[in-house]
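Everything below concerns the one structure shown next.
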Amino acid sequence: MTRHGKNATASTVYSYHEKKKDTKSSGYGSEKIRLGKDSVKDFDCCSLTLQPCRHPVITPDGYLYDKQAILECLLHQKTQIAKKTKEFEKQMKKIQAEDSGKTSEEERAKLESFMNMEKRILTKPSTVFKAAKQTATVDEPQPSTSKVQNAANDKSLPSFWIPSLTPEAKPTLIKKPDSKTYCPMSKKPLKVKDLIPVNFTLIDKDDKPLVAKSERYKCAVTGDTLGNSVPCAVLRNTGNVVTMDCVERLIKKDMLCPFTGVKLKEKDIIPMQRGGTGFAASGVTLEAKKDGPAMQA
């Protein structure tokens with residue numbers, strides 16, 4: 001524990017700074033940290049690789065991916081689904097085989113009981129044997145109810161020494177896997193045909209790599225420089241990227257595409273999900289939290 005400050009009289013125990021310092025040194029409790037601009041991806045980077053996209057595609061929810069990265073992700077999901085489906089079918093076949101075995105055993109037991117009952121069908125016993133049997137049953141002491149219940153309980157309890165009564169751990173049943181593939185960011189169903197190609201407009205066409213440029217793209221209509229601080233949207237029919245200011249002022253007036261003149265709908269304008277700017281007013285959650293072990297009394 002840290003030494004309590006001499007002037008920290010506002011707190012009954014110790015200050016908030018001391019508490020955070022003790023939490024960090026001990027490893028107990030949850031840790032929170034606010035992410036800066038350097039920890040946030042750029043608006044034109046892939047949501048999986050966090051690198052500038054070579055062949056950018058966007059989902060209907062506005063998440064940008066590199067085509068190769070998202071196709072590998074969906075293919076991996078398909079492979080896992082096929083593997084789990086195979087295991088599920090194998091389990092179902094095993095259960096069906098066990099059920100068929102149980103039914104055959106039940107039928108065999110019924111047949112044996114029927115045969116035993118057929119063998120017992122004899123002529124009626126004489127009255128002498130009946131009287132002897134009745135006297136024998138009267139003379140024998142009847143077992144108490146508690147003894148009968150204890151004997152029944154002993155038979156039903158599991159035992160580790162009798163093989164027929166030894167408890168066994170049954171395997172966990174596999175649930176039927178979902179056949180849909182999902183977006184890694186929005187967790188919503190996503191198919192390959194839902195991906196929309198994106199056409200960014202370069203500011204300067206030179207031989208410099210995209211990573212080395214601080215400002216890479218501009219609005220296809222107004223020519224404004226694009227960045228995390230500028231809300232953008234993608235037009236579904238052409239894939240061009242424009243600013244939301246251009247959408248509100250120009251495109252939404254007539255709902256016509258500025259490149260082809262085709263009538264647009266609301267779903268044809270896809271707002272891009274930004275990575276944030278590091279400022280609280282960007283509207284993006286920039287806080288990371290890590291849960292640690294908690295001490296309990």
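Quick note: numbers below take in every heavy atom, side chains included, and nothing from hydrogens, waters or symmetry partners.
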Review point. Hey, are the side chains of Pro56 and Tyr65 touching, using non-hydrogen atoms and a 4.5 Å cut-off?
Key: no
Review point. Can you tell me how far the NZ atom of Lys218 sits from the CD1 atom of Ile203, to the nearest 0.5 Å?
Key: 7.5 Å
**Study point:** Side chain proximity check, Leu235 to Asp268, heavy atoms < 4.5 angstrom
**Key:** no
Check your understanding: Do we see a donor-acceptor contact under 3.5 Å between the side chains of Thr222 and Asp224?
Key -> yes
Point to revise | Smallest separation among heavy atoms of Cys53 and Leu64, with atom names | key: SG-CD2, 4.0 Å
Exercise for review: For residues Lys180 and Tyr182, determine if any side-chain heavy atom of one lies less than 4.5 Å from a side-chain heavy atom of the other.
Suggested key: yes
Review point. Using 4.0 Å as the upper bound for N to carboxylate O, is an ion pair formed by Asp66 and Arg54?
Key: no
Revision key, fill the gap. Between Pro184 and Cys73, the two heavy atoms sitting closest are CG-SG, 3.9 Å
Exercise for review: For residues Pro52 and Arg216, determine if any side-chain heavy atom of one lies less than 4.5 Å from a side-chain heavy atom of the other.
Suggested key: yes
Point to revise | All side chain to side chain contact (heavy atoms under 4.5 Å, CB included) counterparts of Leu256, not counting sequence neighbours | key: Asp254, Lys263
Check your understanding: Mind checking whether Gln273 and Phe43 have side chains closer than 4.5 Å, heavy atoms only?
Key -> no
Practice item. Working to the nearest 0.5 Å, report the span between CD1 of Ile81 and NE2 of His76. Key: 10.0 Å
Check your understanding: Are Leu195 and Ile58 side-chain neighbours, meaning at least one heavy-atom pair lies under 4.5 Å?
Key -> no
Review point. When clusters are formed by joining ILVMFWY residues with side-chain heavy atoms under 4.5 Å apart, either directly or through shared neighbours, do Leu264 and Val221 land in the same one?
Key: yes
Review point. To the nearest 0.5 Å, how far apart are NZ in Lys84 and NZ in Lys175?
Key: 11.5 Å
Exercise for review: Report the residues that fulfil side chain to side chain contact (heavy atoms under 4.5 Å, CB included) with Thr260, sequence neighbours left out, ordered by chain and then residue number.
Suggested key: Asn237, Thr238, Cys257, Val262
Exercise for review: Determine the interplanar angle of the Tyr217 and Phe200 rings, folded into 0 to 90°, and report it as parallel if under 30°, tilted if 30 to 60°, perpendicular if over 60°.
Suggested key: parallel
Practice item. Could you tell me whether the side chain of Gln91 and the main chain of Ile174 form a donor-acceptor pair under 3.5 Å? Key: yes
Review point. Between Lys252 and Met255, what is the shortest heavy-atom contact and its length?
Key: CA-SD, 3.8 Å
Check your understanding: Among Val234, Val230, Val198, which residue meets the side-chain contact (heavy atoms from CB on, under 4.5 Å) test with Met272?
Key -> Val234
Review point. Distance from Lys93 atom NZ to Gln96 atom CD, nearest 0.5 Å?
Key: 9.0 Å
Practice item. Could you tell me whether a side-chain N or O of Gln51 sits under 3.5 Å from a main-chain N or O of Cys45, the two making a donor and an acceptor? Key: no
Revision key, fill the gap. Heavy-atom nearest pair, Ala233 first then Met244, reads CB-SD, 3.5 Å
Point to revise | Heavy-atom pair with the smallest gap, counting every atom of Thr201 and Ala220 | key: OG1-CB, 3.6 Å
Check your understanding: Do side-chain atoms of Asp194 reach the backbone of Leu190 as a donor and acceptor pair under 3.5 angstrom?
Key -> no
Check your understanding: If two hydrophobic side chains count as joined below 4.5 Å and joins carry through other members, does Val241 share a cluster with Val247?
Key -> no
Check your understanding: Between CD of Gln77 and CG of Leu75, what distance do you get to the nearest 0.5 Å?
Key -> 10.0 Å
Revision key, fill the gap. Here the pair of heavy atoms bringing Lys267 nearest to Arg236 is O-NH2, 3.1 Å
Check your understanding: Is any side-chain heavy atom of Leu226 less than 4.5 Å from a side-chain heavy atom of Cys219?
Key -> yes
Point to revise | Neighbour count above 12 (heavy atom, 6.0 Å) for Gln68 CD | key: no
Point to revise | Check: Ser186 side chain, Cys183 main-chain N or O, donor-acceptor pair, under 3.5 Å | key: no
Practice item. Kindly compute the distance separating CG (Asp99) from CE (Met92), expressed to the nearest 0.5 Å. Key: 8.5 Å
Point to revise | Hydrophobic cluster membership, Val57 vs Ile269, 4.5 Å side-chain cutoff | key: no
